[in-house]
Every structure is written in C-alpha cells, then in structure tokens.
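What follows is a short report on a single structure.
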Amino acid sequence: QVHLVESGGGLVQAGGSLRLSCLASGGTFSSYGMGWFRQAPGNERAFVATIAWNGSNKYYADSVKGRFTISRDNAKNTMYLQMDSLKPEDTAVYYCAAGRFLRQDNAYDYWGQGTQVTVSS
C-alpha cells in the first residue's frame with residue numbers, strides 16, 4: 001500500500017510559478033511510474049504529466065508542455081511538478097498518482113488527496 005501526500009498548492013497570479021511536491025510512503029517508490037492529474041470544477045480529471053520509474057522518460061499534456069516540468073527524487077521518495085507561466089485555466093485540484101507510466105488515470109493504483117491550485121487573472 002502506497003500513501004501519497006501532495007503539498008505546495010496555493011493562490012498565485014497569472015504568469016507566476018508554483019512547485020508541487022508528492023511524498024510517498026509505505027511502498028517502493030522507485031518501482032512506480034508516477035503521474036500528475038488535475039480536476040477543475042465541473043470537469044473530469046485530466047492528465048497533466050507522467051514520469052518513468054527512473055526519471056528517464058516523461059510525457060506532458062499539450063496544454064502544459066513547455067510550462068510545466070515533472071521530476072522525481074527516488075532517494076527522497078518524492079515527485080515534483082514545477083509549474084511556470086501559470087494561466088487561470090490551470091486552476092484545479094492537482095493529484096499525484098502511483099502506478100504505470102501511462103497517461104490514463106486507470107493505470108494508477110494509488111492517489112493522493114489533492115492540493116488546490118488557484119491562478120488569478
């Protein structure tokens with residue numbers, strides 16, 4: 001059983017930056033592909049980014065490519081999402097997930113509780 005806890009969300013103005021963290025416990029973090037997803041009010045949960053178990057491969061949603069950077073530190077059991085040039089449409093609850101290195105949310109077995117990101121215009 002893997003327990004995931006996100007942190008780093010908050011309120012930021014458009015054009016600003018935030019860094020989200022996802023701390024894992026209770027499992028072998030380095031054996032999992034990890035992902036970030038987000039859900040805005042009234043919308044379905046959407047893929048943001050995913051990273052392979054060793055950080056060698058990464059994929060991004062087109063909407064965040066070039067602005068967001070996913071990374072991980074297996075020694076610290078932590079994954080990160082650096083979010084730059086934030087836009088109001090990035091406003092959502094952001095979730096981290098552990099599972100397979102895929103874009104589909106059903107590929108992930110474990111989920112965090114989410115952290116709110118709000119971008120004001």
Side-chain angles (χ1 to χ4, degrees):
Q1 187 78 11
V2 177
H3 184 58
L4 303 173
V5 178
E6 303 95 338
S7 61
L11 173 64
V12 64
Q13 288 189 331
S17 298
L18 283 174
R19 189 176 82 153
L20 305 183
S21 299
C22 173
L23 177 63
S25 61
T28 306
F29 178 73
S30 60
S31 68
Y32 290 98
M34 297 293 296
W36 286 101
F37 291 78
R38 67 186 181 185
Q39 187 168 19
N43 290 352
E44 293 185 351
R45 187 164 56 192
F47 167 75
V48 174
T50 184
I51 186 168
W53 68 275
N54 61 356
S56 60
N57 288 293
K58 307 170 186 180
Y59 288 117
Y60 297 91
D62 288 343
S63 59
V64 307
K65 204 172 295 182
R67 300 188 298 121
F68 290 10
T69 303
I70 190 171
S71 62
R72 66 189 295 164
D73 185 338
N74 286 347
K76 296 182 178 179
N77 289 349
T78 303
M79 175 179 65
Y80 305 97
L81 186 69
Q82 177 67 40
M83 305 186 294
D84 299 318
S85 302
L86 282 161
K87 304 176 181 180
E89 51 263 43
D90 294 319
T91 295
V93 177
Y94 283 71
Y95 299 91
C96 70
R100 291 180 291 165
F101 175 52
L102 292 170
R103 306 179 195 216
Q104 296 78 16
D105 60 1
N106 61 9
Y108 294 83
D109 301 309
Y110 304 102
W111 293 83
Q113 83 289 348
T115 186
Q116 176 70 46
V117 171
T118 303
V119 184
S120 63
S121 58

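What you see is a predicted model; the values in this text were computed from it and never measured.
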Legend entry - Heavy-atom pair of closest approach, residues Glu6 and Trp36: CG-CZ3, 3.9 Å
Legend entry - Nearest-0.5 Å distance that lies between atom CD in Gln13 and atom CG in Leu86: 11.5 Å
Inset, instruction - Kindly say whether the aromatic ring centers of Trp111 and Phe37 come within a distance under 6.0 Å. - result: yes
Inset, instruction - Start with the C-alpha distance between Lys76 and Phe29, add both sets of side-chain angles, then the distance that settles side chain to side chain contact (heavy atoms under 4.5 Å, CB included), and finish with yes or no. - result: CA-CA 9 Å; Lys76 296 182 178 179; Phe29 178 73; over 6 Å; no
Legend entry - Atom pair CG (Asn106) and CZ (Arg100), whose distance is rounded to the nearest 0.5 Å: 7.5 Å
Inset, instruction - Indicate, with yes or no, if the rings of Tyr108 and Tyr32 have centres closer together than 6.0 Å. - result: no
Inset, instruction - Assess whether side chain to side chain contact (heavy atoms under 4.5 Å, CB included) is satisfied between Gln116 and Thr91, documenting all intermediate values. - result: CA-CA 8 Å; Gln116 176 70 46; Thr91 295; 4.0 Å; yes
Legend entry - Met34-Val93 co-clustered via ILVMFWY side chain contacts under 4.5 Å: no
Legend entry - Of all pairs that satisfy salt bridge (charged side-chain N to carboxylate O under 4.0 Å, His left out), the ones with a partner from residues 46-66, not counting sequence neighbours: Asp62-Lys65
Legend entry - CZ on Arg72 to OG on Ser30, rounded to 0.5 Å: 7.0 Å
Legend entry - side chain to side chain contact (heavy atoms under 4.5 Å, CB included) between Asp105 and Tyr95, intermediate numbers included: CA-CA 11 Å; Asp105 60 1; Tyr95 299 91; over 6 Å; no
Inset, instruction - State whether the number of non-hydrogen atoms from other residues, nucleotides or ligands found under 6.0 Å of Tyr59 atom OH is greater than 12. - result: no
Legend entry - Verify same cluster id: Tyr60, Leu20 (apolar side-chain graph, 4.5 Å): yes
Legend entry - Between CD on residue Gln82 and CG on residue Leu18, distance to nearest 0.5 Å: 8.5 Å
